[in-house]
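Predicted model, so just to flag it, every value in this text is computed and none were measured.
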Amino acid sequence: MKPVRQQVLGVRCWVLGVGCILGFMFISGCDNSPRLYKESRVMMGTFVEVISPEEKAAGIAFGEIKRIEDLLSKYNQASEVSKLNSAGQLKVSRETYYIIVRSKEFWALSNGAFDITVGPLVELWGFRDKKYYLPLKAEIAQTLKMVGTDKIILNPADNLVKFAVPGMQIDLGAIAKGYAVGCAVRKLRENAIKSCLINAGGQIYCLGSKSGKPWVVAIADPGKKGISGKLRLINKAVSTSGDYEQFFIKDGTRYGHIFDPRTGMPANSGLASVTVVADDSLVADALTTAIFVLGEEKGKSLAEKFPGVKIKIIKERNG
Ligand code: FAD
Ligand code: MG
């Protein structure tokens with residue numbers, strides 16, 4: 001990995017033909033701070049970037065993220081999630097079981113706004129393969145029969161996960177990136193890395209400080225090219241959810257990739273993006289998606305259930 005002197009790193013990625021400008025960029029002061037090593041890889045369908053004064057940090061972080069991706073990616077036929085989705089039941093590993101249990105908790109806390117069983121909806125609307133499709137009402141109604149975390153049956157005695165309705169599929173896209181980054185941070189700490197920034201497609205963790213000062217993370221403004229604010233963070237996770245990167249427009253209407261599982265339609269709560277700062281990376285990831293679905297008022301109430309969590313909401317221009 002080559003050492004770099006950081007100035008302003010605008011992070012852009014074009015993955016699978018979809019152009020997306022990530023919600024963050026990193027800004028370093030022009031000071032005498034030590035060199036930083038920076039490395040990027042395409043993982044989990046996005047760019048994962050690791051910045052650290054320690055050369056070995058990136059290898060450690062990528063290794064751990066790859067391990068989680070192999071376990072939880074629905075895009076990998078050999079993963080536990082893919083096997084569960086195709087068989088409808090599976091005795092899973094402790095980690096996969098843990099993620100599903102945490103997802104159930106967020107489903108309950110958000111009154112069903114956060115729901116990992118949106119898999120069939122994501123497919124129906126064409127977001128999995130980026131072959132977008134505007135479904136008929138009857139197709140949405142039919143698909144909704146396969147949606148609902150209450151239809152996931154868990155047996156803690158042997159980690160058996162079972163779907164109550166044939167055709168159900170879980171999609172951990174709104175929580176597994178956060179979990180993966182959290183695992184990478186734990187591995188970095190085990191390896192005595194004290195300073196590192198990981199950005200997995202807008203899912204960020206600021207480990208320690210950057211030469212004794214907080215890492216500075218800028219939040220992009222979804223509607224404009226500029227930024228809407230800066231965060232100065234030490235040992236914090238940041239996550240952003242929005243529909244300004246993954247969406248399609250049909251007959252003048254915009255349809256985003258975050259669904260309201262109660263209607264089967266893309267969430268339409270008047271928000272352009274939600275940013276959450278939390279101690280825990282998984283919590284930050286899941287909360288942003290849940291708040292995006294719930295909207296400002298209910299979203300804030302949900303965030304209040306998590307002490308220490310800070311949120312920033314950017315509303316739609318006409319919202
Ligand atoms: P978030 O708001 O965090 O999550 C939104 C995603 O969660 C949606 O795209 C949908 O999948 C799901 N979702 C929608 N509505 C809800 C809801 N109400 N509740 C819960 N979940 C919902 N993409 C690829 O194109 N190719 C890949 O190879 C690939 N591999 C991946 C591997 C892993 C382990 C993970 C976690 C994701 C992978 N992705 C892949 C998905 C991709 O990176 C997603 O775009 C990403 O997870 C969405 O994250 P986000 O932060 O943009 O949005
Ligand atoms: Mg999320």
[X] and [Y] ion-paired at < 4.0 Å:
| X | Y | answer |
| --- | --- | --- |
| Glu69 | Lys66 | no |
| Glu55 | Arg35 | no |
| Arg41 | Glu39 | yes |
| Lys300 | Glu304 | no |
| Asp171 | Lys74 | yes |
| Asp260 | Arg262 | yes |

Distance (rounded to the nearest 0.5 Å) between Thr149 OG1 and Ile170 CD1: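 The distance works out to 9.0 Å.
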pair Phe62-Val50: side-chain heavy atoms closer than 4.5 Å: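 In short, these two side chains touch, coming nearer than 4.5 Å.
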If we ignore angles and hydrogens, is there a donor and acceptor under 3.5 Å between the side chains of [X] and [Y]?
| X | Y | value |
| --- | --- | --- |
| Gln77 | Ser82 | no |
| Asn235 | Arg189 | yes |
| Thr275 | Thr240 | yes |
| Ser93 | Glu80 | yes |
| Asp115 | Thr117 | yes |
| Gln246 | Tyr132 | no |

Determine whether [X] and [Y] fall in the same hydrophobic cluster, where Ile, Leu, Val, Met, Phe, Trp and Tyr are linked whenever their side-chain heavy atoms lie under 4.5 Å apart.
| X | Y | value |
| --- | --- | --- |
| Ile219 | Val277 | yes |
| Ile313 | Phe114 | yes |
| Ile65 | Tyr98 | no |
| Ile204 | Leu287 | no |
| Tyr244 | Ile311 | no |

Arg102 to Tyr179 six-membered ring, cation-pi geometry met (6.0 Å, 45°):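 No, a cation-pi geometry is absent between Arg102 and Tyr179.
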Aromatic plane relationship, Phe259 with Trp125 - under 30° parallel, 30 to 60° tilted, over 60° perpendicular: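 The arrangement is tilted - the two ring planes meet at 30° to 60°.
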Worked verdict on Trp215 versus Ile51 for side chain to side chain contact (heavy atoms under 4.5 Å, CB included): CA-CA 11 Å; Trp215 294 95; Ile51 300 170; 4.2 Å; yes
Using modelled atom types and a 3.5 Å cut-off, is there a donor and acceptor pairing between side-chain atoms of [X] and backbone atoms of [Y]?
| X | Y | answer |
| --- | --- | --- |
| Lys151 | Val147 | yes |
| Gln203 | Ala200 | no |
| Lys91 | Val161 | no |
| Ser269 | Phe292 | yes |

Ser228 and Lys312: CA distance, side-chain angles, deciding distance, side chain to side chain contact (heavy atoms under 4.5 Å, CB included) verdict: CA-CA 10 Å; Ser228 73; Lys312 181 178 170 72; 3.4 Å; yes
Derivation and outcome, side chain to side chain contact (heavy atoms under 4.5 Å, CB included), residues His257 and Val122: CA-CA 7 Å; His257 69 129; Val122 173; over 6 Å; no
